Amino acid sequence: MTAHIIRTLESLDYEFVSSAVDDWWGGRPVRALVHRIFFEHLNATSFAIGPSDAVQAFLIGFVSQSDPKVAYIHFVGVSPAVRASGFARMLYEHFFKVVSAQGCTEVRSITSVVNTGSIAFHRKLGFRLLPGSGEIDGIPVALNYAGEGQHRVLFHKSL
């Protein structure tokens, strides 16, 4: 396997990533979740694989300002052309290493209840599902977490 360089997400990555993510999600409108602020001001713990004009995978994450022992993974994307390449796992493991070195002892994340692939992936990486205010299809969810009808699965991983 060719070595792939993980680099810090940069401002220049925004144009490509923001124009590609809806297609990567099969037309689901997720572009608003990758706001430019993450590429310019919250990128010290966010990473990409591939050049700015052809990012293959990226992870947007940060250390909580409210609790510096907690790191949060906000968004991860992998181009459909390179899915199952191990890029997401590589980015997660790199993030764990970086935030652990900064003193974080846990990582949190969320996903939509319909994103069964994400739920399975997080579980495979050792995340546990946190209890929620409800349950959908046997999965604990935080009901209305992101607004009316926007239920989310909450994840936690100890480092």
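None of these values were measured; they are calculated from a predicted model. All heavy atoms count here, side chains included; hydrogens, waters and symmetry mates do not.
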Where the side chain of [X] meets the backbone of [Y], is there a donor-acceptor pair that is under 3.5 Å apart?
{"X": "His74", "Y": "Leu33", "answer": "yes"}
{"X": "Arg83", "Y": "Val78", "answer": "yes"}
{"X": "Asp22", "Y": "Arg31", "answer": "yes"}
{"X": "Thr105", "Y": "Leu159", "answer": "no"}

ask   = Is it true that Arg108 and Asp67 have a side-chain N and a carboxylate O under 4.0 angstrom from each other?
value = no
request  = For the residue pair Phe75 and Trp25, categorise the inter-ring angle as parallel (less than 30°), tilted (30 to 60°) or perpendicular (more than 60°).
outcome  = tilted
task = Evaluate the ring planes of Phe62 and Tyr72, with Trp represented by its six-membered ring, and classify them as parallel (under 30°), tilted (30 to 60°) or perpendicular (over 60°).
result = tilted
For the [atom1] atom of [X] and the [atom2] atom of [Y], what is their distance to the nearest 0.5 Å?
{"X": "Phe96", "Y": "Ser100", "atom1": "CZ", "atom2": "OG", "answer": "10.5 Å"}
{"X": "Ser79", "Y": "Trp24", "atom1": "OG", "atom2": "CH2", "answer": "5.0 Å"}
{"X": "Ile60", "Y": "Phe95", "atom1": "CD1", "atom2": "CZ", "answer": "11.0 Å"}
{"X": "Met90", "Y": "Phe47", "atom1": "CE", "atom2": "CZ", "answer": "12.5 Å"}
{"X": "Phe58", "Y": "Leu91", "atom1": "CZ", "atom2": "CG", "answer": "9.5 Å"}
{"X": "Ser52", "Y": "Leu12", "atom1": "OG", "atom2": "CG", "answer": "5.0 Å"}

Would you say that [X] contacts [Y] through its side chain, given a criterion of any heavy-atom pair below 4.5 Å between the two side chains?
{"X": "Phe155", "Y": "Val107", "value": "no"}
{"X": "Gln65", "Y": "Val70", "value": "no"}
{"X": "Thr8", "Y": "Ser46", "value": "no"}

request  = Show your working on side chain to side chain contact (heavy atoms under 4.5 Å, CB included) between Cys104 and Val63 and close with a plain yes or no.
outcome  = CA-CA 8 Å; Cys104 293; Val63 175; 3.8 Å; yes
Locate the shortest heavy-atom distance separating [X] from [Y]; write the atom from each residue and the value.
{"X": "Ala48", "Y": "Val55", "answer": "CB-CG1, 4.3 Å"}
{"X": "Arg7", "Y": "Pro51", "answer": "NH2-C, 3.6 Å"}
{"X": "Asn144", "Y": "Gly149", "answer": "OD1-N, 2.7 Å"}

Listed partners of Asp23 passing side chain to side chain contact (heavy atoms under 4.5 Å, CB included), at least two apart = none
query = What residues, two or more places apart in sequence or in another chain, satisfy side chain to side chain contact (heavy atoms under 4.5 Å, CB included) together with Glu93?
reply =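 Glu93 satisfies side chain to side chain contact (heavy atoms under 4.5 Å, CB included) with Arg89 only.
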Solution key, residues 117-138 side-chain donor-acceptor pairs under 3.5 Å, sequence neighbours excluded:
residue, atom, partner, partner atom, Å
Ser118, OG, Thr111, OG1, 3.2
Ser118, OG, His122, ND1, 3.3
His122, ND1, Ser118, O, 2.8
His122, NE2, Tyr92, OH, 2.9
Ser133, OG, Leu143, N, 2.9

task = Could you please spell out the steps behind the side chain to side chain contact (heavy atoms under 4.5 Å, CB included) verdict for Arg152 and Val113?
result = CA-CA 6 Å; Arg152 296 294 182 264; Val113 71; over 6 Å; no
key: Over 12 non-hydrogen atoms of neighbours within 6.0 angstrom of NE2 in His35   = no
Hydrophobic cluster membership, with links at side-chain heavy-atom distances under 4.5 Å among I/L/V/M/F/W/Y: are [X] and [Y] in one?
{"X": "Ile37", "Y": "Ile73", "answer": "no"}
{"X": "Ile139", "Y": "Leu154", "answer": "no"}
{"X": "Val76", "Y": "Val21", "answer": "no"}

query = Just checking, any donor-acceptor pair under 3.5 angstrom between side chains of Glu40 and Ser11?
reply =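 Short answer, yes.
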Sole candidate of Leu59, Val82, Ile6 that passes side-chain contact (heavy atoms from CB on, under 4.5 Å) when paired with Phe87 =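 The option that passes is Val82.
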message = Does Gln102 form a side chain to side chain contact (heavy atoms under 4.5 Å, CB included) with Thr45? I'd like the steps, not just the answer.
response = CA-CA 10 Å; Gln102 293 181 16; Thr45 53; 3.7 Å; yes
task = Test ring pair (Phe, Tyr, Trp, His ring centres under 6.0 Å) on Tyr145 and His151 and set out the steps.
result = CA-CA 5 Å; Tyr145 183 87; His151 315 312; over 10 Å; no
request  = Could you please spell out the steps behind the side chain to side chain contact (heavy atoms under 4.5 Å, CB included) verdict for Lys69 and Glu106?
outcome  = CA-CA 7 Å; Lys69 297 282 185 199; Glu106 63 183 276; 5.6 Å; no
